Amino acid sequence: MLIPPKYNHIEIEKKWYSYWMKNNLFKSIPNDKEPFTIVIPPPNVTGLLHMGHMLNNTLQDILVRRARMLGKNACWVPGTDHASIATEAKVVENLKKKGINKTDISRDEFLKHAWDWTDKYGGGILDQLKKLGCSCDWDRTKFTLDDDMYESVIKAFEILHKKGLIYRGHRMINWDPEAKTTVSDEEVNYIEEDSSLYYIRYLIEDSNIDLEIATTRPETIFGDTAICVNPNDDRYKEIIGKNAIVPICNRKVPIISDNYVDLEFGTGCLKVTPAHDINDYNLGIKHNLETIDIFNEDATLNIHGMHYMGKDRFTVRNEIEAELKKNNLLIKKENYIHNIGRSERTNAVIEPRLSKQWFLKMNDITKPAIDNVLKDENIKFFPSKFKSTYKYWLENIKDWNISRQLSWGHQIPVFYYGDNEDYVVAMNKEHALKKINNFETGKKYKEADLTQDNDVLDTWFSSWLWPISVFDGIRNPDNDEIKYYYPTQDLVTGPDIIFFWVARMIISGYEFRNEKPFSNVYFTGIVRDKLRRKMSKQLGNSPDAIKLIEEYGADSVRVGLMLSSAAGNDLLFDESLCQQGKNFTNKLWNALKLINGWEIDQKKTQPIENKLALEWYNSKFNNTLELIDKNFDSYRISDVLMSSYKLIWDDFCSWLLEILKPGYGDKIDKKSKTELIELFEKNLKILHPFMPFLTEEIYHNIPNSNNSNPLTTSPWPSKENYNISIVEEFETSKEIISQIRNYRKEKNISFKTSLDLYFIPNDNQLNNIEIIKKIAIIDKLEESTKENFDMVTSFIIKNFEFFIPLEDGFDKASEINKLKKELDYNKGFLKSVENKLKNENFVNNAPDTVVEKEKQKIKDAEQKIESIKKSIAELS
RNA sequence: GGGCGCUUAGCUCAGUUGGUUUAGAGCACCUCGUUUACACCGAGGGGGUCGGGGGUUCGAAUCCCUCAGCGCCCACCA
């Protein structure tokens, strides 16, 4: 079989992905095997693959592929999210370009545009995931607005409403006047911005005292319904209970007192505008104040704004400043820096607004989510530090505002009838009609009498059902799929959506199925650039994911991402990581070429060093496998890769292959090659979750490999018993060989020149040349004493003394110097251990095993010192 | 303002309940090397006393206190 000199990732990745798909290797249906399920965090349907997706999905693929190899029924459910706000914003923007205003078209017309947009740009991200090698069961692909998914969301609303958990309330919400929608607290960014603090004069009724009031929002005076001072403020005690006159509109408002007001800030006087400030709203409720809403939906002033009606709030701010100044009501204006809330999506300044919204009561349904994560650890977080964040949020949870003033999404299944305050919750109009007409009122309603609520549900209200709804567990709670696949095993996601999504899925899991949605949550960090900056379009520091795959190959990119991504840690991405991954693929490819190049000599018997080396690597492999399995179980994925990387690069390639490598013109014995290939195949298996394409390709190029089955579905190596002492002994061998290499380097002796190595028999040591030879893996080693040679250089390893005879060019002084240095080191070491043992407290208090270890150290060090001294004496 | 966390080689990080030699890894760096798998390589090497200070202990990178610096989350003061 001819192996190409270079690994062609483009061709080979295409080949194997279509092979896997054609043979349905990622397909899962319920069977009698243990299920292993992951639901993908559904990316935005019209989004494009970025580094964060790559990291996240590579991790999921690694977990899924390993589970598959462990013989589990692995099921990775892919899908996309409709992402109401983001998608609707894009569609609106796109329509604007075409000269269409969203407000000018009907809901149905708008939805048609949105679907066209989705059909055109949607789902591309899933194809990109295939390029990355993701082994999802693509037949299961879901979209949150698919009919069945849609119905599940509505059904969930119905269930919760029936339980009395959903209510309609008046709330101060964050209003985005540009998108004309509410945004959740989490979607508002507070940014320090330059602003002004206006000091405005308010007159007091029946008094000649003026009040100075500081505000950042003079345009809201039309909504003022009180003036508030601190009850302990001596400056204002006398005027409490009187009325103040609001400038320009000349309305009388009461002067009230409340501890909320800060004596130090501004003038200690606060104008209260309950309709437009959350704190004022709370004051309004407390003091039973009137609420005057002065804004229209787009934050222009309404009729209460008098002559400013129809003008934008910021325009009014400027104009009112002028009017106040003209009337001598503006005392001063100061520069002022404060936090201004802006919509994450449109960047519009958020307007606090009183609005009718749908809410989900959270307090009643969070208990299992708290207990099962924090008390019982039925759900584990990796890293566990995120439990504190989770805990804090759940223990301070507020009711969830689930309605959004958008069209793209699941329309709220509430149908108003009669005087428009009565409503029913139903899957559709038909059901709704049936429901009301069943009432005892006797009144018969027609379809035309019903109006569905115009709002849609928060996107997260569909996402929080995802692990259940993808298996249709909301509509059909007893179906075979949900019973088999739920609860799922792992969730891989970012800590930034721990509240939005993770916590809510846990809540919904217990609420709808009385069972956790997943057992383990792996939190990935944020992918940043080398300078720790977030990847962003503006900075242009975000690499094109697909280009990276094309340039380096999917395997290399996957390895690059995994090399430095401990759970929860941010990943400082740099292309050099992909290069490192590519170097590794090259290394493996070349190992294949090397092994394939070795011809077999059928008659040759296995040399002892081959036997020893293979035995050693087998032990080393199993020793590492043990560690790998352990690290997999604790989700230390980058540690797993690192151990495999070192095992294969250093132990397999640099040591094992170098020992087995036949000499010039030589061939390898059959036994060695057969055993070697077995080990090589095992290497491929542990690497397969990380580098699926390369390993699959190599696997099918191994000579003598009888296995025509794909690696993807081959069994994970089972842990065999191994002898740890073999592994340890080999470390000694490595040391001996390293010493010889050092010696060659020091003396500038080429590798072509062979050296004789001798071993000094020592009665106190294991005095068996065979054992020493075994340890040294060097069959030229002979037993001798230094007296037989004029000059030697010696080294001591694990209390065995070895030496190499010297012929000429021997620098006695430097040799002695070298030994003296070693002597000093050992003496220093000895002294530190001796001091420890001299300390009576240590000897008396430390456990016996620890003391014993220290004593042994002394013995070893003393012996070594003796040997070195002897060598020095001999040279002098 | 409230809460959580971090500070170990040039960089990114390990370091499990305090005790395997005088702290590890990968990358980077330096030196040497074209021996027919690989220069996308090989061999070798330098480099940290674990942010500062104090304490507990026979013993601390590991526990406690304190100072300094950094980061994240929540709330957001007219």
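As the structure is a prediction and not an experimental result, all values here were calculated from the model. In what follows, every heavy atom counts, from backbone to side chain, and hydrogens, waters and symmetry copies are set aside. Per chain, numbering begins at 1; letters A, B, ... match sequence-line order.
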Heteroatom pairs (N/O) under 3.5 angstrom, protein to nucleotides 13-19 of chain B:
unit_1: C13(B); atom_1: OP2; unit_2: Arg532(A); atom_2: NH2; d: 2.8
unit_1: C13(B); atom_1: O3'; unit_2: Asn569(A); atom_2: ND2; d: 3.2
unit_1: A14(B); atom_1: OP1; unit_2: Asn569(A); atom_2: ND2; d: 3.3
unit_1: A14(B); atom_1: O3'; unit_2: Arg636(A); atom_2: NH2; d: 3.4
unit_1: A14(B); atom_1: O2'; unit_2: Arg636(A); atom_2: NH2; d: 3.3
unit_1: G15(B); atom_1: OP1; unit_2: Arg636(A); atom_2: NH1; d: 3.4

>> From CD1 of Ile526(A) over to C1' of C73(B), roughly how many Å is that when rounded to an integer?
In response: 11 Å
> Could you state the CG-P distance from Leu571(A) to U12(B), rounded to the nearest angstrom?
Replying inline: 12 Å
>> With rounding to the nearest 0.5 angstrom, report the CD1 to CG distance, Ile3(A) to Leu592(A).
In response: 4.5 Å
> Sub-3.5 Å donor-acceptor pair from the side chain of Lys380(A) to the main-chain atoms of Val373(A), do we have one?
Replying inline: no
> Taking atom P of A37(B) as reference, at what distance in whole Å does atom CH2 of Trp598(A) sit?
Replying inline: 9 Å
>> Angle between ring planes, Trp589(A) versus Tyr7(A), binned at 30° and 60°: parallel, tilted or perpendicular?
In response: tilted
> Counting only side-chain N and O atoms of Lys661(A), is one of them less than 4.0 Å from OP1 or OP2 of A37(B)?
Replying inline: yes
> Does a salt bridge link Asp258(A) with Lys286(A), judged by any charged N lying under 4.0 Å from a carboxylate O?
Replying inline: yes
> Tell me, which pairs form a side-chain hydrogen bond (donor to acceptor under 3.5 Å, both in side chains) where one or both residues lie in residues 220-229 of chain A, sequence neighbours left out?
Replying inline: Tyr202(A)-Asp224(A), Thr220(A)-Lys271(A), Asp224(A)-Lys271(A), Asp224(A)-Thr273(A)
>> What is the separation between atom CG on Leu641(A) and atom C1' on U12(B), rounded to the nearest whole Å?
In response: 15 Å
>> Rounded to whole Å, please give me the gap between CD1 in Ile659(A) and P in A37(B).
In response: 16 Å
> Over how many whole Å does the gap from Lys593(A) atom NZ to A39(B) atom P extend?
Replying inline: 8 Å
>> Please compare Leu197(A) and Leu563(A) by the position of their nearest nucleotide in RNA chain B and report the one closer to 5'.
In response: Leu563(A)
>> List the residues meeting side-chain hydrogen bond (donor to acceptor under 3.5 Å, both in side chains) with Asp277(A), not counting sequence neighbours, and say none if there are none.
In response: none
>> By the 4.0 Å heavy-atom rule, please label Gly665(A) as base, sugar-phosphate, or nothing.
In response: nothing
> So, is Trp649(A) near the phosphate of G42(B), with a side-chain N or O under 4.0 Å from OP1 or OP2?
Replying inline: yes
>> Does C38(B) have its OP1 or OP2 closer than 4.0 Å to a side-chain nitrogen or oxygen of Tyr7(A)?
In response: no
> Say you draw a straight line from CD1 of Ile221(A) to CG of Leu324(A); how long is it, rounded to the nearest 0.5 Å?
Replying inline: 5.5 Å
>> Are Thr624(A) and Ser644(A) packed together at the side-chain level, in the sense that at least one heavy-atom pair is separated by less than 4.5 angstrom?
In response: no
> Between the base of A28(B) and the side chain of Gln580(A), is there a donor-acceptor distance below 3.5 Å?
Replying inline: no
>> Are Phe652(A) and Phe680(A), when compared by the centres of their aromatic rings, separated by less than 6.0 Å?
In response: yes
Between protein and nucleotides 29-31 of chain B, what N or O pairs are separated by less than 3.5 Å?
unit_1: U31(B); atom_1: O2; unit_2: Lys745(A); atom_2: NZ; d: 2.9

> Charged N to carboxylate O under 4.0 angstrom, Glu212(A) versus Arg201(A)?
Replying inline: no
>> Please enumerate all residues that pass salt bridge (Lys or Arg N to Asp or Glu O under 4.0 Å) together with Glu658(A), with sequence neighbours excluded.
In response: Lys661(A)
> Would Lys646(A) and Asp650(A) pass as an ion pair if we require N to O under 4.0 Å?
Replying inline: no
> Of all of residues 581-589 of chain A, which get a heavy atom below 4.0 angstrom from RNA chain B, listed by number?
Replying inline: Lys582(A), Asn583(A), Asn586(A), Lys587(A)
>> Please enumerate all residues that pass side-chain hydrogen bond (donor to acceptor under 3.5 Å, both in side chains) together with Tyr260(A), with sequence neighbours excluded.
In response: Asn279(A)
Set out, line by line, the N/O atom pairs under 3.5 Å between protein and nucleotides 1-6 of chain B.
none

> What would the secondary structure line of RNA chain B be in dot-bracket form, counting Watson-Crick and G-U wobble pairs under 3.5 Å, with [ ] for pairs that cross earlier ones and | for pairs with another strand?
Replying inline: (((((((..((((.....[....)))).(((((.......))))).....(((((..]....))))))))))))....
> With sequence neighbours excluded, what pairs up with Asp496(A) under the side-chain hydrogen bond (donor to acceptor under 3.5 Å, both in side chains) test?
Replying inline: none
> Quick one: does NZ or CZ of Lys332(A) land under 6.0 Å from the six-membered ring centre of Tyr199(A), within 45 degrees of the ring axis?
Replying inline: yes
>> Just to verify, what does Asp399(A) make a side-chain hydrogen bond (donor to acceptor under 3.5 Å, both in side chains) with, not counting sequence neighbours?
In response: Tyr167(A)
> In terms of the nearest nucleotide of RNA chain B, which residue is placed more toward the 5' end: Tyr336(A) or Lys534(A)?
Replying inline: Lys534(A)
Protein-nucleotides 46-48 of chain B N/O pairs closer than 3.5 Å?
none

> Say you draw a straight line from CG of Leu563(A) to OG of Ser556(A); how long is it, rounded to the nearest 0.5 Å?
Replying inline: 10.5 Å
